[in-house]
Amino acid sequence: MNERTWMAKPYPSECIGLADEGHHLSCGKVSYHRRCLEPFLHEKRININRLSGKLSGYKDASKPIFLSKEEAAKIPASTLKTNAIKEPASVNGLFKFSTTDQGSQLNQSVRKADKSHASGKSSRISSYVAVLRNCAKHRDLHKGRLLHEDIMKAGFLEECSDALVTMYAKCGLLTKAKEILNTYPSRDVLSWTALISGYAQKGLGKDALDYFEKMQGAGLSPDAVTFACILKACGSIGAADKGERIHDEIAYQGLLESDVVLGTALVDMYAKCGALGKAQQVFQKLFSRNVITWSALITGYCQHGEGAKAFECYEQMQCENLFPDAKTYACILKACGDIRELDKGEKIHDEILRQGLLDNDIVLGTALVYMYAQCGVLIKAQETFNRLPYRDVTSWSALIEGYTQHGQCEKAMEYFEQMRAEGISPNVVTFTSMLKACAAVGAIAKGEKIHDEISKEGLLGSSILLDTALVDMYAKCGVVSRAHKVLNGLYSRDISTWAALIAGYAQQGHCEQAIICLEQMQEEGLSPDHTIFSSLLNACSHLGRVDEGHMYFALLTKRFGVKPDLEHYTCIVDLLGRAGHIDKAVRVIQEMPYSNNIEVWSALLAACRQWGNTYIGKWAFEHAVQLDKKNTAAYVIMADLYASAAMREDAKGIQVLGVENEA
DNA sequence: TTAGGGTTAG
């Protein structure tokens with residue numbers, strides 16, 4: 001006897017077990033062979049899958065089907081294949097089931113009997129199905145299509161439809177799979193799941209969800225595999241609400257406790273949707289975890305900018321004696337890049353080399369390029385890039401973005417051309433980096449060319465990041481009207497898109513236009529945030545436009561309800577002070593919710609020196625040194641202020657005080 | 001028929 005312990009929800013005493021193909025499972029008083037029962041259950045409109053529950057995450061687990069006593073009573077005794085060997089024994093609320101050799105023998109004999117009774121027709125169908133399954137397994141679309149034609153000619157389309165759906169789905173020809181499924185409504189969860197899985201794998205989450213609904217509408221219930229696929233789909237489109245409902249269903253069916261794959265899919269779904277707290281919560285409750293589960297969580301943290309947290313998990317995972325593989329390294333390298341952890345990144349690089357993981361792994365190689373580029377070690381990024389076995393658009397993009405980000409825009413543009421010369425077409429990411437590079441160096445002609453290409457390829461509107469980079473490029477190059485035109489043509493825009501345009505107007509000193517934009521974005525349900533606030537104040541400061549700056553400050557705090565932060569206060573105090581409006585600057589400081597900040601007082605003090613205001617200057621100085629006795633700059637400025645006002649004694653006094661406090 | 005990886009905006 002081949003025995004294995006399954007963890008399961010308390011075994012429902014009123015149910016019987018039903019064995020699936022392959023292994024015989026004795027998990028109740030009576031067992032049936034699933035294949036023998038299916039026709040009967042269909043006839044009686046008992047939904048076999050609705051009743052099924054999976055006891056384990058093991059690949060070769062049987063799928064017992066639980067029936068209520070009433071439903072079991074409807075099953076004719078003739079389909080009864082064997083009696084169970086033993087009752088499951090409860091240990092600590094878990095149950096122990098056994099797979100038996102006797103069961104396998106039974107299944108074999110059933111197959112033999114089936115074969116001997118099979119007519120010529122059904123044996124032809126069986127062999128078609130078997131070959132189709134083989135095509136699916138080896139992704140042999142060509143052979144699968146030929147077979148499809150044969151089957152059509154032989155008139156067995158209906159009988160083979162499930163296998164055809166699965167074959168097309170596995171081979172990635174989803175339209176064909178869908179077409180067949182729509183023509184021949186399937187009763188087979190496996191075929192539905194294959195199609196749903198196909199959509200999920202291609203990132204077509206919406207289609208996967210559609211078919212998930214359709215499948216249930218047809219009276220079929222998803223199994224653990226379907227759930228895993230649909231969770232992936234939810235993650236890919238950020239459908240956290242739907243994912244949460246699926247989670248409830250999975251928990252209700254008790255599938256989570258023993259199925260690490262399902263648990264991982266759940267962690268990944270929440271992580272991809274950015275619900276990291278929830279992902280962590282699910283993760284901690286799992287009965288078992290492996291390196292994939294950990295990686296799903298780590299990736300979640302990486303993708304949502306929590307590099308430090310990702311690192312914590314990475315360390316913790318190893319404390320639990322689980323060791324990273326190429327995929328874990330790829331995502332942790334991204335975290336190293338994000339949080340500029342060059343040392344850690346280099347150590348991981350060594351480890352990767354030691355394990356020989358880099359040889360044919362372009363994803364891992366690109367992650368290394370990214371890490372070095374982000375950390376500003378462009379030579380190493382370049383070196384790593386040069387050693388890649390081959391390059392794709394992502395590895396090029398990582399390098400190009402690295403050069404752009406570190407101000408080497410000409411180099412970025414050169415590589416952009418080189419990439420194309422090697423026959424690789426840019427994608428939205430590459431275009432975005434290029435627009436950023438054009439913006440940084442004011443290369444308007446080049447930027448326009450890229451704009452043309454983006455339009456020609458129909459990419460405009462496909463990525464809000466790209467759209468924003470385009471608006472920003474025109475704004476930074478000083479053609480704000482063009483930036484506005486682009487923005488107007490966009491179907492969707494967010495705070496960042498508006499921010500790029502508003503910053504453009506502010507930098508050109510077009511205050512009225514900037515305000516119109518603020519109003520328009522508010523009409524679209526978007527409120528200006530801290531970054532927009534800063535860009536407006538900085539622009540005014542840069543242009544020396546005091547009144548405008550003061551007006552923006554009042555407008556944003558009072559009308560748009562943005563709470564100014566310290567940077568905004570410092571900026572406005574500096575702006576007013578430098579323009580000689582010491583009284584206004586003092587009023588802003590007095591109205592500040594938190595005045596104990598050295599930078600604000602320093603800005604005021606500097607303005608007082610500029611305008612020779614010893615009275616307010618002394619006041620600012622006292623606050624500044626109260627916060628930091630060793631504020632050398634404050635002593636120097638104050639002494640200078642007194643000296644220029646011919647208050648020599650006071651100047652000397654401050655100097656002495658400064659030296660004393662320095663010691 | 002099932003789980004994890006690399007590049008993008010103000």
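In what follows, chains carry the letters A, B, and so on, assigned in the order in which the sequence lines appear, proteins first and then strands, with residues in each chain numbered from 1.
- Side chain of A:T531, nearest nucleotide from B:dT8, B:dG10, B:dG5: B:dG10.
- Across B:dA9, B:dT7, B:dG10, the shortest atom-to-atom separation from the side chain of A:A499 is found for B:dG10.
- Applying the 4.0 Å criterion to OP1 and OP2 of B:dG6, one finds that A:K327 has every side-chain N and O outside that range.
- What separates CG of A:L526 from P of B:dA9 is a distance of 20 Å, to the nearest Å.
- For A:K232, there are no salt bridge (Lys or Arg N to Asp or Glu O under 4.0 Å) partners two or more places apart in sequence or in a different chain.
- Using a 4.0 Å heavy-atom distance criterion, A:L262 is classed as making no nucleic acid contact.
- Atom CG in A:L466 sits about 9 Å away from atom C1' in B:dA9, given to the nearest Å.
- The base of B:dG4 lies outside donor-acceptor range of the side chain of A:N290, with no N or O pair under 3.5 Å.
- With hydrogens and angles ignored, a donor-acceptor pair closer than 3.5 Å exists between the side chain of A:D325 and the base of B:dG4.
- For A:T264, whose side chain is taken as the heavy atoms from C-beta onward, the closest listed nucleotide among B:dA3, B:dG4, B:dT1 is B:dA3.
- One can place CG of A:L537 at 16 Å from C1' of B:dG10, the figure rounded to the nearest angstrom.
- Residue contacts shown for A:K137 are absent, as no nucleic acid heavy atom lies under 4.0 Å away.
- Judged by distance alone, with hydrogens and angles left aside, A:S197 brings no side-chain donor or acceptor close enough to the base of B:dT1 to form a pair under 3.5 Å.
- In terms of phosphate contacts, A:Q374 brings no side-chain nitrogen or oxygen within less than 4.0 Å of OP1 or OP2 of B:dT7.
- Checking B:dG4, B:dG10, B:dG6 against the side-chain heavy atoms of A:I495 singles out B:dG10 as nearest.
- Atom P of nucleotide B:dT1 and atom CZ of A:R133 are separated by 9 Å, given to the nearest angstrom.
- Within 4.0 Å (heavy atoms only), A:S191 reaches no atom of the nucleic acid at all.
- Using a 4.0 Å heavy-atom cutoff across all strands shown, A:A326 reaches at least one base atom of the nucleic acid.
- Regarding contacts with the backbone of B:dG6, a side-chain N or O of A:Q303 is found under 4.0 angstrom from either OP1 or OP2.
- Formation of a donor-acceptor pair under 3.5 Å by the A:S541 side chain with backbone atoms of A:L537 is not found in this model.
- In the set B:dT8, B:dG5, B:dT1, B:dG5 carries the atom at the smallest distance from any side-chain atom of A:D361.
- A:I362 comes within 4.0 angstrom of a base, heavy atoms only.
- For the pair A:K476 NZ and B:dA9 P, the computed distance is 11 Å after rounding to whole Å.
- Distances from the side chain of A:T166 to the nucleotides B:dA3, B:dA9, B:dT1 place B:dT1 closest.
- A donor-acceptor pair under 3.5 Å is formed between the side chain of A:Q318 and the backbone N or O of A:Y314.
- The side chain of A:S496 lies closest to B:dG10 when the candidates are B:dT8, B:dG10, B:dT7.
- Not counting sequence neighbours, A:Y552 has no partner by the ring-ring contact (aromatic ring centres under 6.0 Å, His included) test.
- Under 3.5 Å, the side chains of A:E422 and A:Y390 contain no donor-acceptor pair of N or O atoms.
- In this entry the distance linking CE of A:M371 with C1' of B:dT7 reads 15 Å, nearest Å.
- If you check distances only, the side chain of A:T328 does reach the base of B:dG4 with a donor-acceptor pair under 3.5 Å.
- Note on A:K334: a side-chain N or O is less than 4.0 Å away from OP1 or OP2 of B:dT7.
- Using a 4.0 Å heavy-atom cutoff across all strands shown, A:L231 reaches no nucleic acid atom at all.
- In summary, the side chains of A:W498 and A:E524 do present a donor paired with an acceptor at a separation below 3.5 Å, with no hydrogens or angles considered.
- The side chain of A:K436 contributes an N or O atom lying less than 4.0 Å from OP1 or OP2 of B:dA9.
- Put simply, OH on A:Y390 is 11 Å from C1' on B:dG6, counting in whole angstrom units.
- Note: CG (A:L174) to P (B:dT1) measures 14 Å, nearest angstrom.
- At least one test fails for A:K178 against the ring of A:Y211: distance under 6.0 Å to the centre or angle within 45° of the axis.
- In this structure, A:I532 reaches the bases: a heavy-atom distance under 4.0 Å links it to at least one base atom across the strands shown.
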